[in-house]
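Heads up: the structure comes next, in structure tokens.
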Amino acid sequence: MNKPLDASNLSAQETAAEQWQREFDATALSDKPTRNRSGIDVKPLYTPQDWSGDYAAELGYPGQPPYTRGIYASMHRGRTWSQRQLIGLGTPPDYNARLLDMIAQGTTAVSLIPCNSVFRGYDMDEVHAELLGTCGVVANTVDHMDQCLAGVDLARTSCAMNDPSPFTLLAFVLATAKRHGVDWRAISGTSNQSDYLSHFVANHMFFRIALPGARRILTDHIEFCNRFVPNWNPMSVVGQHMQQAGATPAEAMAFTLSSAIQYAEDCRARGMEPDAFLPRFTFFFDISVSLFEEIAKFRAGRRIWARITRERFGARDPRSWRFKFHGQTSGVDLTRQQPLNNIARVTVQAMAGIFGGLQSLHTDAYDEALSCPTEFGARIAVNTQNILREEAHLTDVIDPLGGSYYIESLTDEMERKILDIMAQVEAAGGMYAAVEQGLVQKMIGASARGFQERIESGEQTVVGVNAYRVEEGKGERQALPTPDPAKMQAHIAAFKAYKNMRSQDAVRQAQERLAAAAGDSKQNIFERVVEAAEAGCTHGEICATLRRELGFGQPLVMV
């Protein structure tokens with residue numbers, strides 16, 4: 001137990017501090033200030049003088065406001081994070097084989113990533129065949145989704161669909177569930193790419209439909225899921241894209257929270273009650289290799305969100321206050337040079353997310369800087385989580401760094417930094433207006449340039465890139481082979497046959513109803529998307545219909 005300091009103890013402590021300072025000044029290698037990626041000065045030593053906050057008000061207990069220490073009372077002692085590995089390659093049977101293997105290795109939830117052609121809003125017969133399946137699975141119909149999820153119990157397995165507006169992948173999941181007699185109310189998971197603002201800002205390939213149309217579709221999607229798929233999370237606010245585009249950890253958190261505020265305001269304007277939609281808001285973040293900064297980012301964000309939901313939106317349900325987030329180790333930090341070093345990077349990133357209190361985790365494979373992960377690389381990525389949980393015992397203590405003078409001081413500094421950036425967004429009229437004006441893009445661009453300049457100058461070391469370089473052997477950069485061309489051509493041929501064999505009248509009528517809904521604010525667009533999927537419409541046809549009605553997505557590019 002700490003004893004109160006009397007005059008003699010205080011004097012002794014001051015003398016010790018002065019002695020340490022003299023010895024530090026005499027032996028330190030540099031007097032140049034040390035700053036983390038968010039631009040916060042980092043001192044060489046932290047003491048009780050650096051954090052004297054109110055425990056109850058600023059930390060409290062896990063599962064209780066202000067949620068700094070976690071959103072659940074038992075956190076990882078009660079239920080460890082979901083191992084939600086992103087998987088996507090080749091054809092649906094290829095994907096299914098990899099998925100079932102990952103489940104056997106310890107993956108506990110599905111996370112489907114589609115081919116880039118799908119992200120762009122096109123079907124497989126609309127793009128160059130040699131590009132198909134190299135970055136994700138080519139899934140264009142409900143039949144494809146059925147094949148992807150064969151052997152998966154949809155009523156018991158959480159599924160994340162990396163699925164930008166208009167959310168055709170979820171529509172295919174729901175149609176698959178109906179085929180197999182699975183009640184939609186039992187379906188759980190997340191629309192992992194529902195955050196169109198992050199796509200507009202930092203991931204242009206995902207941005208398919210003009211900004212106003214994307215805004216409407218998302219609100220319709222949230223409304224539909226809340227009514228018919230109540231265990232599904234229709235809103236995943238994505239900080240990952242912006243941080244990977246160059247935003248600092250503080251900026252990424254600030255922009256993500258500002259986006260969440262925008263989406264909550266849009267739902268409220270639609271007439272939804274905060275406690276009806278906020279419990280299904282989730283967050284998706286990049287986790288950089290800056291260990292303590294990332295931990296502080298998540299602790300600060302959790303505290304801010306709890307305050308926003310209660311004070312700004314008047315939410316009364318504790319489920320609305322919870323900052324539920326998925327973390328993905330940052331691919332930006334991975335290097336093509338000496339790729340096996342990426343195993344160490346991913347381990348540090350995963351530890352930051354775990355200590356930061358995440359609810360689900362994807363660990364990148366060491367070879368993701370080269371290609372879609374090989375089976376060997378993917379197995380190491382899964383086992384990295386298994387080792388951290390089972391061997392390193394990282395789940396034994398909740399918020400184990402809580403109370404650290406450094407962590408608590410840094411969490412407070414991160415909170416101030418985040419709130420300052422959020423205030424700039426608010427002054428611009430909110431996140432929607434800020435991205436329309438290019439404010440967010442300019443801030444991210446400036447941060448990206450600054451970080452790259454530090455790498456090029458050598459101020460920021462990247463092992464194998466600007467320091468500790470070696471000649472690499474040919475075997476050190478083994479990439480996954482591209483999909484078998486014959487197999488992909490067979491997949492395309494089967495797809496064309498599918499389009500010829502389905503009911504053309506049903507497809508035409510479904511597209512007409514979808515187009516009519518886009519022009520009628522009283523109708524729910526996503527409801528028509530689901531109907532179109534059930535009628536046999538393809539992903540590309542659904543996207544094309546909505547592009548014609550709502551406009552083609554043209555992100556604002558800042559120079």
Side-chain angles (χ1 to χ4, degrees), residues 113-114 116-122 161-169 190-222 234-248 251-267 269 281-286 328 332 421-422 424-448 518 525-526 529 542-544 546-559:
I113 186 165
N116 283 347
S117 60
V118 177
F119 276 131
R120 290 166 52 213
Y122 298 109
M161 292 291 129
N162 291 273
D163 187 16
S165 175
F167 314 110
T168 55
L169 294 183
T190 303
S191 296
N192 237 14
Q193 297 293 345
S194 47
D195 181 357
Y196 68 87
L197 288 173
S198 74
H199 306 155
F200 184 82
V201 169
N203 202 330
H204 300 168
M205 180 178 66
F206 287 30
F207 195 72
R208 303 164 172 168
I209 295 166
L211 202 56
R215 188 180 196 178
R216 163 132 181 249
I217 293 172
L218 174 59
T219 311
D220 283 0
H221 178 65
I222 294 170
M235 182 70 256
S236 174
V237 195
V238 183
Q240 183 203 35
H241 303 320
M242 290 183 277
Q243 187 159 324
Q244 292 208 341
T248 68
E251 287 173 337
M253 180 58 73
F255 296 145
T256 304
L257 290 171
S258 294
S259 295
I261 290 171
Q262 182 68 68
Y263 297 137
E265 293 287 11
D266 288 349
C267 288
F281 270 41
T282 61
F283 298 84
F284 180 5
F285 289 101
D286 205 49
Q328 179 171 347
V332 170
I421 298 165
M422 291 177 69
Q424 295 179 56
V425 172
E426 191 74 12
M431 192 64 177
Y432 189 94
V435 300
E436 273 191 315
Q437 300 162 20
L439 171 66
V440 175
Q441 295 91 318
K442 287 180 180 178
M443 293 174 72
I444 292 174
S447 294
I525 292 176
F526 185 65
V529 170
I542 292 169
C543 290
L546 290 173
R547 276 174 164 159
R548 285 194 298 271
E549 301 299 322
L550 299 173
F552 194 94
Q554 295 288 354
L556 177 66
V557 180
M558 305 302 297
V559 295

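If you read the sequence from its start, that first residue is 1, and numbering goes on from there. Bear in mind the structure is a predicted one, so any value in this text is a computation, not a measurement.
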If I take atom [atom1] from residue [X] and atom [atom2] from residue [Y], how far apart are they, to the nearest 0.5 angstrom?
| X | Y | atom1 | atom2 | answer |
| --- | --- | --- | --- | --- |
| Gln262 | Cys267 | CD | SG | 10.5 Å |
| Gln243 | Thr248 | CD | OG1 | 7.5 Å |
| Met235 | Asn192 | CE | CG | 10.5 Å |
| Met253 | Phe283 | CE | CZ | 8.5 Å |
| Leu439 | Leu556 | CG | CG | 11.0 Å |
| Ile444 | Glu251 | CD1 | CD | 7.0 Å |

Where do [X] and [Y] come nearest, in terms of heavy atoms and distance?
| X | Y | answer |
| --- | --- | --- |
| Asn116 | Met205 | OD1-CE, 3.5 Å |
| Ile525 | Ala518 | CD1-CA, 3.9 Å |
| Ser236 | Ser191 | CB-O, 3.3 Å |
| Thr282 | Thr190 | OG1-CG2, 3.7 Å |
| Leu211 | Glu436 | CD2-CG, 3.6 Å |
| Ala252 | Phe285 | O-CE2, 4.4 Å |

Can you list the steps and then say if Val529 with Leu546 is a side chain to side chain contact (heavy atoms under 4.5 Å, CB included)? CA-CA 10 Å; Val529 170; Leu546 290 173; 4.2 Å; yes
Passes side chain to side chain contact (heavy atoms under 4.5 Å, CB included), Val435 versus Phe255? Steps please. CA-CA 10 Å; Val435 300; Phe255 296 145; over 6 Å; no
Minimum side-chain heavy-atom gap [X]-[Y] below 4.5 Å:
| X | Y | answer |
| --- | --- | --- |
| Leu218 | Phe167 | yes |
| Glu426 | Met422 | no |
| Ile209 | Tyr196 | no |
| Met431 | Glu265 | no |

Pick from Pro212, Ser194, Pro166: which one makes a side-chain contact (heavy atoms from CB on, under 4.5 Å) with Ile217?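 Option passing the side-chain contact (heavy atoms from CB on, under 4.5 Å) with Ile217: Pro166.
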Checking side-chain contact (heavy atoms from CB on, under 4.5 Å) against Leu169, which of Asp163, Asn162, Ile113 comes through?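 Answer to the side-chain contact (heavy atoms from CB on, under 4.5 Å) test with Leu169 among Asp163, Asn162, Ile113: Asp163.
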Do His199 and Phe207 have their ring centres less than 6.0 Å from each other?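 Ring centroids of His199 and Phe207 are no less than 6.0 Å from each other.
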Can you confirm if the aromatic rings of Phe200 and Tyr432 lie within a centre distance of less than 6.0 Å?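 They do not qualify: ring centres at least 6.0 Å apart.
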Donor-acceptor contact below 3.5 Å, side chain [X] vs main chain [Y]:
| X | Y | answer |
| --- | --- | --- |
| Gln193 | Met161 | no |
| Arg208 | Pro164 | yes |
| Gln437 | Ala428 | yes |

Measure the acute angle between the ring planes of Phe206 and Phe119, then classify it against the limits of 30° and 60° as parallel, tilted or perpendicular.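 Ring orientation of Phe206 relative to Phe119: parallel.
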